[in-house]
S.K.: 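Structure incoming, see below.
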Amino acid sequence: MAENVKRKDYKLIALDMDGTMLNPREEVSDANSQAIQRAQEEGVHVILSTGRGIRTCKPYADDLELQSFLVTVNGSEIWTADGELLDRVLIGDDLIKKMKRLADEYDTHYWAVSTEHVFRGNFPANMEEYDWLKFGFDTFDDEKRDAIVKALSDKNELELSNSSPTNIEVNAVGINKAVAVQKVCDRLGIKMEQVIAMGDSLNDIKMIEAVGCGVAMGNAQDAVKEVADYQTDTNEADGVAKAIHHLLGWS
């Protein structure tokens, strides 16, 4: 990893939320907020690129007065800062049913994300009436988690990642944060080489690999640190602000 990465021609910063922009109490620190505001004042677009849905993402975007786009549900949706939906990719009902069966078979915690609701352990009987964006499993049992990954990887029908070491996050095949950030760049006329992306988990890896400067948080999973161009401090210690200051040449 290049510890001395530093340029001044970046045009967009893509920020993961949990474990990255947010501290363990799900707050944006004053230092992070101030750095984000200054970046925007200097003409740098700042977007959130998160596994969260729009309902739990947009309040943070509003508080930060973000003016650009929101990449949500790991890239399954892209929104304007004003709440207009620009892009959405769904998972088919048959695949959602398959994942629910696996969650039952291996007795794991799960969550299923539709365009309107997040179901946690209370899967709806009328599931065909919903449009599905993501399915998640969570277990501390490594063998169960590995078996589920194997079962879901056999036909290359889905995109698998995680947002913590104990979970599996599943989106439609070909959907990830890198693809979504590229779509945002296309709309803004920005090259991916002009993007800084920061994250801590496997659902951030493709985004971190695809941009001009991929940043791993100090608290990131080892696999993220291995592919990043630059490593910053932890989400508890204003790692986002420190990276922005360094990479935009403020310090």
Side-chain angles (χ1 to χ4, degrees), residues 1-8 10 12-40 42 44-53 56-57 59-61 63-66 70-75 136 138 140 142 145 161-169 176-178 180-181 195-251:
M1 151 186 338
E3 292 292 346
N4 61 346
V5 174
K6 187 171 181 180
R7 288 170 46 189
K8 297 184 180 180
Y10 294 112
L12 186 146
I13 301 171
L15 298 175
D16 172 54
M17 292 181 63
D18 296 281
T20 301
M21 184 184 76
L22 303 182
N23 65 26
R25 296 168 296 285
E26 299 189 2
E27 303 164 336
V28 182
S29 70
D30 288 343
N32 283 353
S33 178
Q34 290 165 11
I36 289 167
Q37 294 300 328
R38 180 175 170 183
Q40 290 193 120
E42 294 189 3
V44 178
H45 295 271
V46 180
I47 70 171
L48 302 183
S49 184
T50 178
R52 291 183 179 222
T56 55
C57 167
Y60 289 96
D63 287 345
L64 290 166
E65 299 181 345
L66 299 186
L70 305 176
V71 170
T72 62
V73 204
N74 290 337
D138 193 82
F140 287 94
D142 293 343
R145 200 164 51 251
S161 64
N162 77 22
S163 59
S164 82
T166 64
N167 74 30
I168 306 166
E169 295 208 341
N176 56 65
K177 293 182 180 183
V181 171
V195 176
I196 299 167
M198 303 189 205
D200 71 305
S201 297
L202 299 190
N203 61 352
D204 300 308
I205 281 183
K206 289 185 177 180
M207 174 177 71
I208 283 172
E209 290 179 316
V211 300
C213 185
V215 179
M217 302 300 295
N219 53 285
Q221 296 176 43
D222 288 343
V224 180
K225 293 178 179 178
E226 289 171 4
V227 303
D229 301 298
Y230 179 73
Q231 183 175 318
T232 189
D233 213 329
T234 68
N235 67 319
E236 181 74 76
D238 304 324
V240 164
K242 290 174 181 177
I244 291 174
H245 275 261
H246 178 72
L247 294 171
L248 295 188
W250 299 344
S251 61

S.K.: Indicate yes or no for a side-chain donor-acceptor contact from Asp229 to the backbone of Gly214 under 3.5 Å, with no hydrogens or angles considered.
M.R.: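 Indeed, once roles are kept as given, a pair shorter than 3.5 Å links the two residues.
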S.K.: How long is the span from the SG atom in Cys213 to the CG atom in Leu247, to the nearest 0.5 Å?
M.R.: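 So the SG of Cys213 and the CG of Leu247 are separated by 4.5 Å.
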S.K.: Would you check, one step at a time, whether the test side-chain contact (heavy atoms from CB on, under 4.5 Å) holds for Ile36 with Leu66?
M.R.: CA-CA 9 Å; Ile36 289 167; Leu66 299 186; 3.8 Å; yes
S.K.: Quick one: pull up CE in Met198 and CD1 in Ile244 and give me the separation to the nearest 0.5 Å.
M.R.: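 The distance works out to 4.5 Å.
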S.K.: Has the side chain of Asp200 got a donor or acceptor atom that lies under 3.5 Å from a matching backbone atom of Met217?
M.R.: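 Not confirmed, Asp200 side chain does not pair with Met217 backbone.
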S.K.: Under the rule for salt bridge (Lys or Arg N to Asp or Glu O under 4.0 Å), what residues qualify as partners of Glu27, not counting sequence neighbours?
M.R.: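 Only Arg25 meet the salt bridge (Lys or Arg N to Asp or Glu O under 4.0 Å) criterion with Glu27.
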S.K.: Compute whether any side-chain donor of one residue and acceptor of the other, for Ser29 and Asn23, lie under 3.5 angstrom apart.
M.R.: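 The answer is no; no qualifying pair exists.
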S.K.: Calculate, to the nearest 0.5 Å, the distance between atoms CG and CG belonging to Asn162 and Asn203 respectively.
M.R.: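 Asn162 CG to Asn203 CG: 6.5 Å, rounded to 0.5 Å.
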S.K.: Are the side chain of Asn219 and the backbone N or O of Asn235 linked by a donor-acceptor pair below 3.5 Å?
M.R.: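 Between the backbone of Asn235 and the side chain of Asn219 there is a qualifying donor-acceptor contact (under 3.5 Å).
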S.K.: Between atom CD of Gln40 and atom CD1 of Ile13, what is the distance when rounded to the nearest 0.5 Å?
M.R.: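 Result: 9.0 Å between the selected atoms.
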S.K.: Give the intermediate values and the outcome of side-chain contact (heavy atoms from CB on, under 4.5 Å) for residues Val240 and Thr232.
M.R.: CA-CA 7 Å; Val240 164; Thr232 189; over 6 Å; no
S.K.: Check the orientation of Tyr230 and His246. Use parallel for under 30°, tilted for 30 to 60°, and perpendicular for over 60°.
M.R.: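 Tyr230 and His246: parallel rings.
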S.K.: Check the pair Asn74, Lys177 against side-chain contact (heavy atoms from CB on, under 4.5 Å), reporting the backbone distance first and the verdict last.
M.R.: CA-CA 5 Å; Asn74 290 337; Lys177 293 182 180 183; 3.7 Å; yes
S.K.: For Tyr60, run the side chain to side chain contact (heavy atoms under 4.5 Å, CB included) check against Val28, Thr50, Leu70 and tell me which one passes.
M.R.: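 Output: one option passes, namely Val28.
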S.K.: Heavy atoms, side chains only, cut-off 4.5 Å: are Val181 and Ser49 in contact?
M.R.: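 Result yes, sub-4.5 Å side-chain heavy-atom pair found.
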S.K.: Using a 4.5 Å cut-off on heavy atoms from C-beta on, say whether the side chain of Leu64 contacts that of Met21.
M.R.: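 In short, these two side chains touch, coming nearer than 4.5 Å.
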S.K.: To the closest 0.5 Å, what do you measure between CD1 (Ile168) and CZ (Arg145)?
M.R.: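 Between Ile168 CD1 and Arg145 CZ, I get 7.0 Å after rounding to 0.5 Å.
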S.K.: Applying side-chain hydrogen bond (donor to acceptor under 3.5 Å, both in side chains), can you list everything that pairs with Thr166, at least two apart in sequence or on another chain?
M.R.: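 Testing Thr166 for side-chain hydrogen bond (donor to acceptor under 3.5 Å, both in side chains), a comparison that skips the adjacent residues, returns Asp138, Ser164.
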S.K.: Quick one: salt bridge (Lys or Arg N to Asp or Glu O under 4.0 Å) partners of Arg52, sequence neighbours excluded?
M.R.: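 Expected list: Asp18, Glu26.
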S.K.: So, Asp233 side chain and Gly218 main chain: donor-acceptor pair closer than 3.5 Å or not?
M.R.: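 Side chain of Asp233 to backbone of Gly218: no pair is present.
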S.K.: Just how far is it from atom OG1 of Thr56 to atom CE of Met17, taken to the nearest 0.5 Å?
M.R.: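 Between atom OG1 of Thr56 and atom CE of Met17 there are 6.5 Å.
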